[in-house]
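Here's the structure we're looking at; comments come further down.
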Amino acid sequence: MTSKTTEVIVSIKDVHKSFGDLEVLKGVSLDVRKGEVICIIGPSGSGKSTLIRCINALNDIQAGTIHVCGIDVTDPKLQKLELRKRVGMVFQQYNLFPHKTALENIMMAPTLVLNEDKETVRTRAFALMQKVRLEGKENAYPGELSGGQQQRVAIARSLAMNPDVMLFDEVTAALDPETVKEVLVTIKDLAQEGMTCILVTHEMGFAREVADHIYFTDNGVIVEHGPPKTFFTKAKDPRTKEFLSQIL
Amino acid sequence: MYEPVQQGKILSGIWMTIKLSFYCLILSVVIGIVGAFAQGSKNVIIRSLVQGYIQFFRNTPPYVQLLFFYFALGQFTPTYSPDGWLEIPIISNVGWAIISLSFFAGAFNVEIFRAGIEAVADSTKEAAESLGFSRFQTFRYVVFPLAIRVSLPSLNNNLINLMKTTTQAYGIAVPELLYQSVTIWNDYPSAQYPTMLLVFVVYILLVGVLVMSMNRWERKLRIPGYGH
C-alpha cells in the first residue's frame, strides 16, 4: 500500500440526522485520512448508508459538522458542485444512465460538469474502461451488461471526475455471488493506488483484507472501531460480538 | 370532381390544417416540457401556477377556450395599421387558434410528461446529482430522455386528438379543411356527402402520417436491454 499521510480528508463530528421523528444518526464522529480505506459495517437500519450519503450532501443533517477536503458540507451556502467534484459515489443499484452507452456514461459528467474537452475525456474514459477490466464493452448499453459489469462502469464513471474520496454504498449487495468478486477486485485496485475510500459493506472478508479501519454502527451510533486485526478478533462490545458471531 | 375554384379551396384548406396542426403540435409539446420541468420546481408559486393552468385548460371545453381567446382576449390585442385606415390585430384568428389549441393540448402534455418523469427512478437522479449535474442538466440529459420514452404512447394519443381538434378552429373562421368544405357544400348542397367523405379521407391520411412518424420515433428511441 502507498504511504498514508496524516492529513484528514473527511472529518465528521457529532452528526445527528433524523427522518421525521426517527433519529437515524445519534452523534456520529469519525475522521478519514488521505489514502485510507474505511469500512462501515453494522446491521440493517443502523444508519450506515445515511452516514455516507451525508458526506456528499445527498442527505442533510440536523446537527454536527462534516468537512470534506476543507469544504464545510453543512454550510447553508454550500457550493454542492465543489463538493461533488471532490467526492465520487457508487450506489447499490449502479444507477447508470440506461439510455447512454458505457463510454457515454463515463464521459457525461466530465464534459457537462467540468466542461472538459471531449476528446481528452474520451481518451480518459477508454483508459478507465480498461482499468475496470471492461475493454471492448465501451459501446454496450447498461441493459446489455451484467450487474457486476454495470457496477464497474459506475465506478469508472465516478473516477472520471478525478475525485479525492470515493464512497461505496453497499455496492455488491445487489450482485450475484460470482460477480461480487470482480467488483471487489476493482475496489481493491483503487485502494492500493491510494484512493481514499469509504465503504458501507457486508463483505467481511473484503473488509478484513482491504480496510485500514473498521467502524461498527448500531442504532445510530458508532459502537466500536479499530483496525481489522484487532476489530475482528478482540471486539469488546457485546453488540459487536453478537453481530460478528452472526455474520462470520 | 370539383371545379378549379373548389379544388383550390380544398387544397388551401388541407394546407391550413397541416400548418395549424404542425404549429400546435410543436408548441404544445414545448409547453408540455416546460410545464413538466416547472412542476418539479422547489418554488410553490411556480408549481401552483402550472397546476392552475392544467386545471383550467384540461377541465374546460377546447371550443369555448377558442372562442374566449379570440373574442375576449382578441379585443385587447394591440392593432397595427398598414394604410392608416384599417386596424389589424397583431394576432390573427389563425394565431389565436394556434395559441388556444396549443395551450389546450399542452395542459395534457404536461401531465403526460409528468407521468414519464415520475417513472424515472430517484436513484438515477441521485447518481446524476452526485456527479455534479445541476437540476437543469439532470432534467435535460437524464430525466427527460428517459421520461420521453415512457411518455411517447400517451403523447401519441394526445397529438392525434390535437390534430383532429384543429377542426374546431372553424368556429373562429380559420380557413382550414372543415371551414373550406362547409363553404363548398353551402354553395353546392349536392357536394355535401362527397366533401364529407373527402374530409374523412384527408384526416385518415394526415393522422396516419403522424402516427407513422411517432411510431418510427418510438422505435428509434428504443434502448437495447431497457424497458422490456
Side-chain angles (χ1 to χ4, degrees), chain A residues 49 52-53 55-59 79-102 104-115 139-146 149-151 153-154 156-163 165-167 169 174, chain B residues 29 32-33 36-37 40-44 112-156 214-228:
Chain A
S49 287
I52 75 164
R53 289 166 58 87
I55 297 175
N56 78 339
L58 280 180
N59 287 344
Q79 295 291 315
K80 284 192 177 168
L81 180 57
E82 286 312 306
L83 177 68
R84 266 114 196 215
K85 282 184 197 167
R86 303 296 191 90
V87 183
M89 181 144 186
V90 186
F91 302 84
Q92 182 175 345
Q93 294 294 344
Y94 340 126
N95 300 349
L96 292 176
F97 307 128
H99 59 303
K100 298 282 177 185
T101 63
E104 288 168 339
N105 262 279
I106 299 172
M107 290 176 62
M108 260 172 107
T111 43
L112 289 174
V113 178
L114 305 178
N115 290 316
N139 294 320
Y141 284 89
E144 299 171 315
L145 299 171
S146 74
Q149 291 172 328
Q150 288 188 59
Q151 194 59 294
V153 174
R157 180 176 67 174
S158 284
L159 290 175
M161 294 289 281
N162 290 324
V165 187
M166 287 285 286
L167 308 176
D169 187 6
Chain B
V29 169
I33 296 170
F37 177 69
S41 163
K42 289 200 178 90
N43 188 323
V44 186
I112 287 169
F113 286 131
R114 186 177 63 99
I117 286 168
E118 281 173 6
V120 178
D122 283 339
S123 53
T124 308
K125 288 180 242 175
E126 266 180 359
E129 202 189 326
S130 70
L131 284 165
F133 286 45
S134 66
R135 193 175 99 77
F136 178 73
Q137 285 172 327
T138 304
F139 184 82
R140 161 80 179 74
Y141 295 101
V142 179
V143 176
F144 187 72
L146 293 172
I148 186 94
R149 290 165 162 92
V150 179
S151 302
L152 267 184
S154 330
L155 183 67
N156 204 347
M214 290 294 283
N215 287 346
R216 184 171 298 178
W217 192 23
E218 219 171 299
R219 273 200 303 278
K220 209 178 144 208
L221 286 182
R222 202 164 283 167
I223 320 164
Y226 176 72
H228 46 122

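Naming: A, B, ... by sequence-line order, numbering from 1 per chain.
- For A:Val87, the part lying under 4.5 angstrom from a heavy atom of chain B is the backbone only.
- Of the atoms belonging to B:Gln137, it is side-chain heavy atoms, and not backbone ones, that fall under 4.5 Å from chain A.
- In this structure the side chain of A:Phe91 reaches within 4.5 angstrom of the side chain of B:Ser130, judged on heavy atoms.
- For a residue to count as touching a neighbouring chain, one of its non-hydrogen atoms must lie under 4.5 Å from one of that chain's; by this rule A:Leu96 touches chain B with the backbone only.
- Closest heavy-atom contact between B:Leu146 and A:Pro98: CD2-CG, 3.5 Å.
- Within the 4.5 angstrom heavy-atom criterion, atoms from both the backbone and the side chain of A:Arg157 approach chain B.
- The backbone N or O of B:Tyr141 lies less than 3.5 Å from a partner atom in the side chain of A:His99, making a donor-acceptor pair.
- Residue B:Glu126 holds its CD atom at 9.0 Å from CG of A:Asn56, rounded to the nearest 0.5 Å.
- If you measure heavy-atom distances from A:Leu112 to chain B, the contacts under 4.5 Å come from both the backbone and the side chain.
- For B:Ala128, the parts lying under 4.5 angstrom from a heavy atom of chain A are both the backbone and the side chain.
- Distance check, rounded to the nearest 0.5 Å: CG of A:Asn95 to CG of B:Asp122 gives 10.0 Å.
- When heavy atoms are compared at a cutoff of 4.5 Å, B:Leu131 approaches chain A by way of both its backbone and its side chain.
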